[in-house]
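Inspection log for the structure reproduced underneath, given as structure tokens.
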Amino acid sequence: MSEAENKLGESPALSELKALRASIDNIDAALVHMLAERFKCTQKVGVLKATNDLPPADPAREKIQIERLRQLAGDANLDPDFAEKFLNFIVKEVIRHHEAIAAEAGN
Ligand SMILES: O=C(O)C(=O)C[C@]1(C(=O)O)C=C[C@@H](O)C=C1
């Protein structure tokens, strides 16, 4: 049992916390599965780029993605700066994968 659950004891607040945490766990699972699917796509993009001698990063594409995500975030009441940081974090990892694929291909 977590510290918060321990402190709340048998109470409506504990029931609410548990229900909210169950939803958070479902959302986290969905995020992991969505990220796994995204990385499956980007692995294929990495191979495509390596075999066609394209650079791992595409700053023009990233600019479009950032603008779009910032707009979506704003509409969804999510901090656009956070959405941009989150995308940049993922894209940085993707570029690292692309570079590894290119190095493997001898580019
Ligand atoms: O679309 C591409 O060209 C990708 O390599 C994918 C991706 C992304 O993760 O969305 C990653 C790196 C690029 O700089 C831009 C976008």
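For ligands, and for the atoms within them, numbers begin at 1 and follow the listed sequence. Positions are given from 1, in the same order as the sequence printed here.
Ligand-side atoms of ligand 1 in range of Val91: 8 (C), 9 (O), 11 (C), 12 (C), range being under 4.0 angstrom from any heavy atom. Each of the atoms 13 (C), 14 (O) of ligand 1 lies under 4.0 Å from some heavy atom of Asp58. Remark: ligand 1 atoms within the under-4.0 Å shell around heavy atoms of Glu62 are 13 (C), 14 (O), 15 (C). With ligand atoms numbered from 1 in the order given, ligand 1 contributes 9 (O) to contacts under 4.0 Å with heavy atoms of Thr42.
Taking a cutoff of 4.0 Å between a charged side-chain nitrogen and a carboxylate oxygen, Arg70 and Asp81 qualify as a salt bridge. Between Arg96 and Glu99 there is no salt bridge, since no side-chain nitrogen of the basic residue lies less than 4.0 Å from a carboxylate oxygen of the acidic one.
Atom CD of Glu16 has 12 or fewer heavy atoms from other residues, nucleotides or ligands within 6.0 Å.
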Problem set entry | side-chain contact (heavy atoms from CB on, under 4.5 Å) evaluation trace for Glu10 with Ser15 | CA-CA 8 Å; Glu10 286 300 315; Ser15 303; over 6 Å; no
For this session: Test side-chain hydrogen bond (donor to acceptor under 3.5 Å, both in side chains) on His97 and Glu93 and set out the steps.
Result: CA-CA 6 Å; His97 292 181; Glu93 181 69 6; 3.0 Å; yes
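Distances between N or O atoms of His98 and those of ligand 1 include at least one value under 3.5 Å.
Scanning the protein for heavy atoms near atom 16 (C) of ligand 1, the closest one is Gln65 OE1, 3.4 Å. Looking at atom 11 (C) of ligand 1, its nearest protein heavy atom turns out to be Val94 CG1, 3.5 Å. With respect to atom 3 (O) of ligand 1, the closest heavy atom belonging to the protein is Lys49 NZ, 2.7 Å. With hydrogens left out, the protein atom closest to atom 8 (C) of ligand 1 is Arg38 NH2, 3.5 Å, a heavy atom.
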